[in-house]
**Q** 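Encoded as structure tokens, here's the structure I'll be asking about.
Quick note: numbers below take in every heavy atom, side chains included, and nothing from hydrogens, waters or symmetry partners. Quick note: residue numbers are just sequence positions, from 1.
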Amino acid sequence: MCKGLAALPATCLKSAKDIKHKIGFLLQKPEPVQEHRLPKEKETATAVKSCAHVDTEKWKTSFNNLIKNEVGRVAFTTFLKSEFSQENIEFWEACEDFKRMPTENMELKAKQIFEQYIDVDSPEQVNLDSATREETRRNLEKCDISCFDEAQSKIFILMEKDSYRRFLKSQLFLDLSQPPRDEKPCGLQRKGTFTEFGQCLLSHCA
């Protein structure tokens, strides 16, 4: 039961319910395609634009601006999934998480990342040359915060020179770049990220 939402305008209540539903769609695994549904990229673009500010102009200036932005990563990951190459962004994110881990947990996590993304015939093997793969294997022996730096850098460059350029030309990016429809704004829609929006919505609901 929501508390305090009665004071909001009816249009804002409806917007909050719609956006909550769309966030749920983005966070769940894709369901089988049903008839009359929007194409996945179009649906995702609509959901992202509804619940967060989309600064596509900034995303165009550099890949770093895109990948460092929470909403940008969601959109880019969606695009990579459509190309069946999401292992690249997942590896990059795993490396970022690894750098923030407590030292005592690093050794186990490093082994998991290597076996998942780098080792030959790993389930989600990223495209690295053999020299980088072997260098990373040796790094596991000392296992510090820089363990995956070289491999992560090469995957970043690969995405920047390849997938990022295609993303900027994709229908998903073009949809996200369209100006929002001229509707009365709701305060709940002005949050910059999914996390901020979620906190805003949950602050009104039990």
Side-chain angles (χ1 to χ4, degrees), residues 26-27 29-30 40-41 44-45 48-49 52-103 105-177 192-196:
L26 287 174
L27 296 179
K29 292 183 178 179
K40 184 169 291 297
E41 287 194 356
T44 301
V48 170
K49 290 182 72 174
H53 174 62
V54 180
D55 193 355
T56 52
E57 288 302 313
K58 189 172 182 179
W59 296 355
K60 287 192 293 187
T61 60
S62 77
F63 181 53
N64 192 60
N65 284 338
L66 169 69
I67 204 171
K68 293 292 186 179
N69 177 269
E70 183 180 359
V71 180
R73 278 200 314 279
V74 170
F76 186 61
T77 299
T78 299
F79 171 73
L80 291 182
K81 285 181 178 179
S82 74
E83 293 198 330
F84 304 100
S85 60
Q86 66 267 26
E87 68 276 1
N88 291 325
I89 188 65
E90 289 174 357
F91 169 68
W92 185 89
E93 290 180 324
C95 292
E96 291 294 292
D97 291 341
F98 174 77
K99 296 172 185 177
R100 295 188 289 267
M101 293 193 70
T103 305
N105 298 336
M106 279 188 167
E107 185 174 354
L108 177 59
K109 186 61 177 179
K111 182 179 179 182
Q112 292 174 344
I113 293 174
F114 187 87
E115 292 177 348
Q116 182 75 15
Y117 298 104
I118 299 178
D119 205 3
V120 176
D121 297 326
S122 55
E124 298 179 75
Q125 184 178 346
V126 293
N127 188 10
L128 291 170
D129 58 88
S130 59
T132 302
R133 186 178 296 111
E134 289 307 310
E135 177 186 342
T136 306
R137 189 192 302 276
R138 290 192 297 271
N139 289 344
L140 295 183
E141 297 175 4
K142 56 184 178 70
C143 193
D144 59 19
I145 195 172
S146 64
C147 188
F148 296 102
D149 280 1
E150 182 66 17
Q152 185 185 20
S153 175
K154 291 202 171 181
I155 293 304
F156 180 95
I157 293 171
L158 177 66
M159 292 190 292
E160 181 178 36
K161 291 185 176 180
D162 187 24
S163 303
Y164 172 58
R165 294 179 181 180
R166 292 198 303 277
F167 170 71
L168 295 181
K169 298 177 181 178
S170 70
Q171 189 59 50
L172 172 59
F173 182 80
L174 294 177
D175 289 339
L176 288 170
S177 300
T193 66
F194 288 125
T195 301
E196 291 172 347

**Q** Kindly indicate whether the side chain of Y164, heavy atoms from C-beta on, has any atom under 4.5 Å from the side chain of L80.
**A**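 Heavy-atom side-chain distance check fails, nothing below 4.5 Å.
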
**Q** To the nearest 0.5 angstrom, please state how far the OG atom of S177 sits from the NZ atom of K60.
**A**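 Those atoms lie 6.0 Å apart.
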
**Q** Is there a side-chain contact between N105 and K109 in this structure, where contact means two heavy atoms from C-beta onward sitting under 4.5 Å apart?
**A**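 The answer is no; the side chains never approach within 4.5 Å.
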
**Q** Do the side chain of T61 and the main chain of K58 share a donor and acceptor less than 3.5 angstrom apart?
**A**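 Yes, the answer is positive, given that a donor and an acceptor are paired below the 3.5 Å cut-off.
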
**Q** Just by distance, with hydrogens left out, do S146 and D144 show a side-chain donor and acceptor under 3.5 Å apart?
**A**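 Note: S146 and D144 side chains meet the donor-acceptor criterion.
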
**Q** About how many Å separate CZ of R133 and CZ of R137, when rounded to the nearest 0.5 Å?
**A**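 Spacing of CZ (R137) from CZ (R133) equals 8.0 Å.
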
**Q** Determine the minimum heavy-atom distance between C147 and F98, stating which atoms define it.
**A**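 Looks like CB-CE2, 4.0 Å.
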
**Q** Hey, does F76 have a side-chain heavy atom less than 4.5 Å from the side chain of S163?
**A**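 Sidechains of F76 and S163: in contact.
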
**Q** Could you check I89 against F79 for side-chain contact (heavy atoms from CB on, under 4.5 Å), going step by step and ending with a plain yes or no?
**A** CA-CA 11 Å; I89 188 65; F79 171 73; over 6 Å; no

**Q** Roughly how far apart are E83 CD and D162 CG, rounded to 0.5 Å?
**A**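 Those atoms lie 7.5 Å apart.
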
**Q** E93 pairs by salt bridge (Lys or Arg N to Asp or Glu O under 4.0 Å) with which of R73, K99, R100?
**A**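 For E93, the salt bridge (Lys or Arg N to Asp or Glu O under 4.0 Å) test succeeds with only one of R73, K99, R100, which is R73.
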
**Q** For the residue pair T78 and L172, establish whether any side-chain heavy-atom pair is separated by less than 4.5 Å.
**A**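 They are in side-chain contact.
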
**Q** Look at atom CD of E90 and say whether more than 12 heavy atoms of other residues, nucleotides or ligands are closer to it than 6.0 Å.
**A**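 Enclosed.
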
**Q** Evaluate the side-chain contact (heavy atoms from CB on, under 4.5 Å) criterion for residues I155 and Y117: first the C-alpha distance (whole Å), next the side-chain angles of each, then the deciding distance (0.1 Å), finally the verdict.
**A** CA-CA 11 Å; I155 293 304; Y117 298 104; over 6 Å; no

**Q** In Å, rounded to the nearest 0.5 Å, how long is the span from CD1 of I113 to CG of D119?
**A**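 One gets 13.5 Å once the value is rounded to the nearest 0.5 Å.
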
**Q** Starting from the C-alpha separation in whole Å, work towards a yes-or-no answer on side-chain contact (heavy atoms from CB on, under 4.5 Å) for F91 and I118.
**A** CA-CA 9 Å; F91 169 68; I118 299 178; 3.8 Å; yes

**Q** Kindly say whether W92 contributes a backbone atom to a donor-acceptor pair with the side chain of Q152 at under 3.5 angstrom?
**A**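 Between the backbone of W92 and the side chain of Q152 there is a qualifying donor-acceptor contact (under 3.5 Å).
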
**Q** Would you give the length of the straight line joining atom CZ of F167 to atom OG1 of T77, rounded to the nearest 0.5 angstrom?
**A**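 Atom-to-atom, F167:CZ and T77:OG1 are 9.5 Å apart.
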
**Q** Output the distance between atom CD (Q171) and atom OG (S82), rounded to the nearest 0.5 Å.
**A**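 These two atoms lie 11.5 Å from each other.
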
**Q** Step through the shown structure and confirm whether more than 12 heavy atoms of other residues, nucleotides or ligands are within 6.0 Å of NZ on K142.
**A**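 Atom NZ in K142 is crowded, with more than 12 foreign heavy atoms closer than 6.0 Å.
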
**Q** Would you tell me whether Q125 and D121 have side-chain atoms, one donor and one acceptor, within less than 3.5 Å of each other?
**A**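 Not at all, the side chains of Q125 and D121 share no donor-acceptor pair under 3.5 Å.
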
**Q** Search all heavy atoms of L128 against all heavy atoms of T132 and return the closest pair with its distance.
**A**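 Taking every non-hydrogen atom into account, CD2-CG2, 4.2 Å.
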
**Q** Which is it for D129 and K154 under the salt bridge (Lys or Arg N to Asp or Glu O under 4.0 Å) test, yes or no, and what are the steps along the way?
**A** CA-CA 9 Å; D129 58 88; K154 291 202 171 181; 3.0 Å; yes

**Q** Hey, does F173 have a side-chain heavy atom less than 4.5 Å from the side chain of W59?
**A**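 When only atoms from C-beta onward are counted, F173 and W59 do touch, with a gap below 4.5 Å.
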
**Q** Salt bridge (Lys or Arg N to Asp or Glu O under 4.0 Å), that's the test. Do E135 and R138 meet it? Break it down for me.
**A** CA-CA 5 Å; E135 177 186 342; R138 290 192 297 271; 5.4 Å; no

**Q** Does the separation of the ring centres of F63 and F156 fall below 6.0 angstrom?
**A**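 Centroid separation for F63 and F156: below 6.0 Å.
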
**Q** Working note: E150 + T136, criterion side-chain contact (heavy atoms from CB on, under 4.5 Å); need CA distance, chi angles, decisive distance, verdict.
**A** CA-CA 8 Å; E150 182 66 17; T136 306; 5.5 Å; no

**Q** Are any side-chain N or O atoms of S153 and backbone N or O atoms of D149, one a donor and one an acceptor, separated by less than 3.5 Å?
**A**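 Judged by distance alone, no pair lies under 3.5 Å.
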
